[in-house]
Amino acid sequence: MTTASWAWLVLLFPLLGSMVIAFGFRRLPDRTAGIIGSTAIGLAFIAGIGTLLGLLSEPSESRHVASSLWEYAGVGDLRVDLGIFVDPLAVFMVLVVTGVSFLIHVYSTAYMESDQGYSRFFSYLNFFVFSMLLLVLAGNFVLLIIGWAFVGFASYALISFWYRRTTATAAGMKAFVINVVGDIGLVLAAILIFRELGVLDYEAVFDAAPKVFSTDQWTVVAICLLLLVGAFAKSAQLPFHTWLADAMEGPTPVSSLIHAATMVTAGVYLVARTWPLFELAPAAANVAAIVGVVTLLVAGTIALVVTDLKRIIAYSTMSQIGYMFLAVGIGAYSAGMFHLMTHAFFKALLFMAAGSIIAVMANDQNIDRMRGLGKALPFTAAMLVIGSLALSGFPFTSGWFSKDEILDFALYRGGWYTILAIAGYVGAFMTALYAFRIVFRILPGRPCPEAEELIETGHVAHGEAVNPANGQPEDYEVGYPGKEHHIAEQSPGMRFGMLPLGVLALIAGFLQVPGVTEVVTKFLEPTFEGSSLAAIHPPVSKAWLGLLNGGVIAVVGIAFAWVFWVRRPAIPGSLRQKFHPLYELFVHKWYFDELIHAVIVRPVLAFGDFCNRVVEPFVVGGIVTGTTSLVRSAGALVRDLQSGMIRAYASLMVVGAIAVVLFLLLRGG
Amino acid sequence: MSIEWYLVLAALLFAIGAGGILVRRNPVVILLCLELMLSAGALAILSFSRMLGDGDGQVFVLIVLVVAACEVVVGLGLVVAMFRRRIPLDVDETTELRG
Amino acid sequence: MVEIAFFAGAAGAIGGALAVVLLKNPFYSVLALVVHLVFLAGIFLLLRAQFLAAAQIVVYAGAVMVIYVFVAAYVGGIEEPAFDAHPRLRIFGPIVAAALFIEISIAVAGSALVGIGTEGPQDIPDDFGTPAAVGRMLLDDFLIAFEAASILLLLAAVAAIVLAGRRGSQTQEGT
């Protein structure tokens, strides 16, 4: 088997799984959909390893394969193949996506067990994985856009999965609309690329770009900025970030897979994939880095104050993706991709633990009500602590190596990038603070009633089926959230999904020990061959110094968290009093929703209202009424011809034919 | 025989068919007249085909036969349906589409 | 020889056609059309369309006309009072038909068609109009038309079943 065939297999299995479940769900016996879905992703992962081995058997300069099944579209000069492009970057993403997806699929088989929409869920989930892999493996911009739109749809379908929940459908629409804005940016970028270069295949574009564009020429900057619009919308960066927190309305495995581990990192992948363009447009790359830093600070401050467990983790996702954008913006591509991988591990793990905790709390996600869960949920608590340690960058966990590598790089580039690095360290401190805010508030202490019930009877509380967001009763028919709740302590499937991620979150960092292993950098090197920025490596001593900084900040942050929420629980309250305006700003998410509402939604609504009041009755109505009355009066004139007599019609036809022939005869004379 | 004889014959048959449609009221006979017109058209096409020495026209005529068969099937289906519902078999009586 | 054959065929075809139009009983009209088609098939032969002549007789005069005969018998020999309802059409129809014939004839005679006044090229291949030649064209050059025609036939068959098929309640109402 060639590398390309392995890569096609990677795409085939999830698609097949999705189709089989979607079309066969009536025939499938109870709960086979989960097995089929998980198997499909497992096979895709194996095929991904096959691709990896195939690629590694090549010498490093020829480690890229383009393969095409057939011509997808050909119009004028435009030739688009249904083609894939396999190189280390793509394989890296394929392995992260399929690996994490497989574990989350297994987790979901247990978590979603009593949901009415079980088969639908797995069909969507497999479809998502297929779309994501299509996005990653696409060999040209058109296929990239297709995959990009498909993941947007999958995200929409899964956020609105419990479709009787009004908050969920609203969140789904919000996500979809904002993502479509991003899609438009991406499409415009592709159009510009085609106009300037006349090709859309990655290899051809990257070959042609340096010859056609000079550095910071406006066209290439425009292309990169449009690409960034797409990337920011997909990756929930400012100002397109508001959908991600609402997306937490979806089932928790979805939050884990799509809105933490894989889909939202697509923007980072896009920038890394199109690095030859971004190196020609340093201005756009700087925009990416700055927006990343701003996002990581804003999201970090919000995560410090919100009380919804899943939303805290969601804002932390935004903040971590901010680090990744900083990385790819300043040229630390492999560091960004490495952080993408470790983030996928620990963030998926955090969400899985959150799912277990929310199940215990009978779907209440408010951390104010959670207390003393450590004793009730020992396994989940351990996983939550591991995830939080990795997230805050505690020494020797995976997050420590990956996040601080990015900041080292920023420091090493010097100049004003130093400011970005310092902001990144501030963000790291906040990360440690909010990560352990979760841990210290919900694990220790006197158990809350639900936890007590679990400890004493081993039963998971059921609670009332009421949507905490708006008080509407939940509808079990579409599953929310299933009559039974499932926690990791009682479901082997959930434990099987979480344990490998826990181990990886702890040790994956050792892939990339400065000066020792650096596996990821070396593996990705062929992709970033010829990049002037990727060639910059901070010396090993500086790298270790940076790691030391990061470790100290993480430990200090965790210590502060301990003081705030364990030792002196009064401090947060008094701080809140003292900095009340700031608190209000943070807890209202910096008023971004309101801003977007005022700047975009209101004017559009006003315009719509204007159209409704003025344009519709007078302009449109006038034209329509005029047309209808014209047609009506014309119809009245000829109505008598419509006698219903077939022979009359036939006579007219024959006479008409005679007239036509006569005309031709006379004219031809 | 030179070709125009065939063409004139086709024109004559076509005219007879057209006239028949105008003067008859029984839908079955109207369908028969349609057949006349179709076969006149077929004859014309065959004449042209012979005139040019090109066999393509013969395939056209074959397709015309198919179309005629379809038209017969649908038309006679209508006639049978009309008969079943006691609708008089007279095209002058069926004027529901009057405007 | 050809002339005799042509005029005999033409006379038969025209006679059949006129009989179709003029006979009062639809049943006889159908039989007249059969006669017309047989003569027309003879003229087809003169144009070296052997296969089509055979198809005309087998498919048309044979199979299709059987359906006509069946329907005509089924609905009964309703003799219409010839040309009475609309006297205007009784006069108008033949006039229009005659005008049509004259016009087309003038058009044919006055046209600059290459074959006018000749019998067409004599160097046409030997297999012109044979089943083998037509079949080859049908499956080489005109495959799509061929397939489309088959689908059309299928549609027509379905349509006929829908139109004429027995629909429980309505049939009972009728009987």
Side-chain angles (χ1 to χ4, degrees), chain B residues 1-9 11-20 22-26 28-29 31-33 35-36 39 42-43 46-47 49-53 55-56 58-59 61-63 65-70 72-74 76-81 83-86 89-90 92, chain C residues 2-3 6 10 13-14 17-18 20-21 26 29-30 33 40 44 47-49 52 55 59-60 64 67 71-72 75 78 80 83 85 89-90 93-94 96-97 100-101 104-105 108-109 115-121 124 128-129 133-134 137-138 142 145 149 152-153 156-157 159-160 163-164 174:
Chain B
M1 284 308 290
S2 59
I3 293 297
E4 64 261 33
W5 283 100
Y6 294 95
L7 293 173
V8 169
L9 175 61
L12 183 59
L13 292 176
F14 187 83
I16 293 175
L22 296 186
V23 297
R24 296 299 297 259
R25 293 185 301 158
N26 186 324
V28 176
V29 181
L31 285 174
L32 290 174
C33 292
E35 300 292 337
L36 277 179
S39 57
L43 177 59
L46 276 182
S47 312
S49 166
R50 177 69 187 83
M51 181 178 100
L52 298 170
D56 286 3
Q58 307 213 338
V59 178
V61 172
L62 203 58
I63 303 291
L65 284 188
V66 171
V67 172
C70 292
V72 166
V73 166
V74 175
L76 290 182
L78 279 171
V79 171
V80 171
F83 181 71
R84 282 249 184 86
R85 295 188 191 165
R86 308 279 151 134
L89 284 178
D90 182 339
D92 285 0
Chain C
V2 177
E3 281 80 1
F6 174 79
I14 296 168
L18 284 174
V20 169
V21 176
S29 291
V30 174
L33 189 69
L40 200 63
F44 282 9
L47 289 168
R48 298 198 55 180
L52 283 168
V59 178
Y60 228 137
V64 174
I67 307 177
V71 172
V75 303
I78 307 163
E80 60 186 284
F83 323 136
L89 269 180
R90 184 171 73 187
V96 168
L100 197 61
F101 168 62
I104 297 177
S105 300
V108 167
I116 294 296
T118 73
E119 292 182 22
I124 50 177
F128 187 80
V134 175
M137 273 187 293
L138 208 51
F142 297 99
L152 183 66
L153 276 173
L163 280 172

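Quick note on labels: first sequence line is chain A, next is B, and so on, each numbered from 1.
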Going from CZ on C/Phe44 to CZ on B/Arg50, what distance comes out if it is rounded to the nearest 0.5 angstrom? 15.0 Å

Specify the closest pair of heavy atoms between C/Val20 and B/Arg24, including all atoms of both residues, with the distance to one decimal. O-NH1, 3.6 Å

Closest contact, heavy atoms only, B/Ala81 versus C/Leu163: CB-O, 3.3 Å

Which atoms of C/Val71 are under 4.5 Å from chain B, going by heavy atoms: the side chain, the backbone, both sets, or neither? side chain

Closest heavy-atom pair, C/Tyr60 versus B/Ala68, reported as atoms and distance to 0.1 Å, is OH-CB, 3.1 Å

Which bit of B/Leu13 comes within less than 4.5 Å of chain C, counting heavy atoms only: side chain, backbone, both or neither? side chain

Rounded to the nearest 0.5 Å, how far does OH of B/Tyr6 lie from CG of C/Leu47? 4.5 Å

Among B/Val80, B/Asp56, B/Leu78, single out the residue with the greatest number of heavy-atom pairs under 4.5 Å to chain C. B/Asp56

Side chain, backbone, both or neither: which part of B/Ile63 has a non-hydrogen atom closer than 4.5 Å to chain C? side chain

Part of C/Val59 lying under 4.5 Å from any heavy atom of chain B: neither

Given the options B/Ala69, B/Gly17, B/Gly20, B/Gly53, which has more heavy-atom pairs under 4.5 Å with chain C than any of the others? B/Gly53

Could you have a look at B/Val67, B/Val79, B/Leu46 and say which one has the most heavy-atom pairs with chain C under 4.5 angstrom? B/Leu46

Closest non-hydrogen atom pair between B/Leu32 and C/Ser29, with its separation: CD1-CB, 3.6 Å

Option that, when pairs with chain C are counted at under 4.5 Å, heavy atom only, ranks first among B/Leu36, B/Val61, B/Val8: B/Leu36

CG on B/Leu31 to CD1 on C/Ile67, rounded to 0.5 Å: 11.5 Å

Any idea which heavy atoms bring C/Ala156 and B/Val73 closest together, and the distance? O-CG1, 3.4 Å

Closest non-hydrogen atom pair, B/Cys33 against C/Val21: SG-CG2, 4.1 Å

Applying a strict 4.5 Å limit to non-hydrogen atoms, the region of B/Leu9 in contact with chain C is side chain

Of the backbone (N, CA, C, O) and the side chain (C-beta and beyond), which part of C/Leu40 lies under 4.5 Å from a heavy atom of chain B, both, or neither? side chain

Quick one: pull up CG in C/Leu18 and CD1 in B/Ile16 and give me the separation to the nearest 0.5 Å. 4.0 Å

Rounded at 0.5 Å granularity, tell me how far CG in B/Leu12 sits from CD1 in C/Ile14. 4.5 Å

Can you say whether C/Ala149 sits under 4.5 Å from chain B via the side chain, the backbone, both, or neither, judging by heavy atoms? both

